[in-house]
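For reference, the structure discussed in these notes is given below.
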Amino acid sequence: MPPKIAAGNWKMNGTQSALDELDTLAGILPKDGVEVVICPPATLLVPAAARGSAIAIGAQDCHAAEKGAHTGDISAAMVADTGAAYVILGHSERRDAHGETDADVNAKMHAAWAAGLTAILCLGESEADRDAGRTLDVVGAQLAGSLPQGATPDNTVLAYEPIWAIGTGKVPTQEQIVDVHDFLRAQLVDRLGAQSGNAIALLYGGSVKGDNAATIFEAQNVNGALVGGASLKAADFAPIVSALAAS
Ligand code: 13P
């Protein structure tokens, strides 16, 4: 069985005072059987990890290179050095705003693994792809291109995030979520064999809130969520964690 994971992506939100929300969240956790991960901005990785709470900490990106002349970037080893255990890679906002290709993401996955991090690899189709009936082709190509050989349930989590559902309040139908997650599970089993392929956690992301989380978690191959806006406040995120624990 894959682990149940509730991950919060704070994106470019939060200064030091946001750590109060982390402390509030830590006060109402752990929830049995759920791994909770918060991915704050890079500036907060050190103080967030230093809290040493039951909440795991993750970064939102890392560079593929070990070190060198890459102004403004941070390496996977630097992320690990903060005490973080996870890194989000291939988020659609980075694929879009920073032109990251599947090959770029693939190289970052290698770097993350080499640093001992668990990568949360994001995949998802645009609205135009969805409307044209290309969702599984697009997501399948992203998976093939950005997931290197060597993925294990310990070093990799997948997050399906339809771009049109991110920050829009639009959530796919349950059938649409099930279709993509079942497809991703089959792809993983095909590539990695049943044991590993069935044990990698598959998260859904895109407008997950306290009032829709329980339904989303009913799907067999949805093992958790990658949450943006609703992860910023402990009061909004805690019900999502509870819904996952109860699923
Ligand atoms: P929202 O939950 O705000 O839609 O964001 C989802 C997301 O992009 C998480 O990585």
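Here the structure is a predicted model, which is why all the values come from computation and not from measurement. Both ligands and their constituent atoms are indexed starting at 1 by order of listing.
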**Message:** Using a plain distance cutoff, I'd like to know if Thr168 has any nitrogen or oxygen under 3.5 Å from a nitrogen or oxygen of ligand 1.
**Reply:** no
**Item:** Close approach of Lys11 to ligand 1, heavy atoms, under 4.0 angstrom
**Value:** yes
**Asked** To the nearest 0.5 Å, what is the distance between CG (Leu121) and CG (Leu143)?
**Response** 7.0 Å
**Prompt:** Judging by distance only, is a nitrogen or oxygen of Gly167 under 3.5 angstrom from one on ligand 1?
**Reply:** yes
**For atom 2 (O) of ligand 1, the protein heavy atom that lies nearest, with its residue and separation** = Gly228 N, 2.8 Å
**Message:** Checking a contact table here: which protein heavy atom is nearest atom 7 (C) of ligand 1, and how many Å away?
**Reply:** Glu161 OE2, 3.1 Å
**Item:** Per-atom contacts, ligand 1 versus Leu226 - under 4.0 Å to a heavy atom
**Value:** 9 (C), 10 (O)
**Request:** Answer with side chain, backbone, both or neither: which part of Ala165 has a heavy atom less than 4.0 angstrom from an atom of ligand 1?
**Result:** backbone
**Prompt:** Are any of the heavy atoms in Ser92 under 4.0 Å away from ligand 1?
**Reply:** no
**Asked** Crowded around Asp20 CG? As in, over 12 foreign heavy atoms under 6.0 Å?
**Response** yes
**Distance-minimising heavy-atom pair for Asp61 and Val79** = O-CG2, 4.2 Å
**Message:** Looking at ligand 1, is there an atom of it that comes within less than 4.0 Å of some heavy atom belonging to Gly206?
**Reply:** yes
**Request:** Quick one: look at Asn9 and ligand 1, take heavy-atom pairs under 4.0 Å, and tell me if it's side chain, backbone, both or neither.
**Result:** side chain
**Asked** Going by the atom numbers of ligand 1, which of them fall below 4.0 Å from some non-hydrogen atom of Ser207?
**Response** 1 (P), 2 (O), 4 (O)
**Prompt:** Is there side-chain contact between Thr156 and Met109, with at least one heavy-atom pair below 4.5 Å?
**Reply:** yes
**Item:** Ile38 vs Glu21 side-chain heavy atoms within contact, under 4.5 Å
**Value:** no
**Request:** Evaluate whether atom CD of Gln174 has more than 12 neighbouring non-hydrogen atoms of other residues, nucleotides or ligands under 6.0 angstrom away.
**Result:** yes
**Item:** Chi angles and distances behind the side chain to side chain contact (heavy atoms under 4.5 Å, CB included) call for His98, Glu93
**Value:** CA-CA 8 Å; His98 296 265; Glu93 287 154 13; over 6 Å; no
**Prompt:** Quick one: are Thr215 and Asn212 in side-chain contact, heavy atoms under 4.5 Å?
**Reply:** no
**Message:** Please report whether ligand 1 has a polar contact with Lys209, defined as an N or O pair separated by less than 3.5 Å (distance criterion only).
**Reply:** no
**Asked** Which heavy atom of the protein is the closest neighbour of atom 3 (O) of ligand 1, given with residue, atom name and distance?
**Response** Gly229 N, 2.9 Å
**Asked** Do any heavy atoms of Gly205 fall under 4.0 Å from ligand 1?
**Response** no
**Prompt:** Parallel, tilted or perpendicular for Tyr204 and His181, by the 30°/60° rule?
**Reply:** tilted
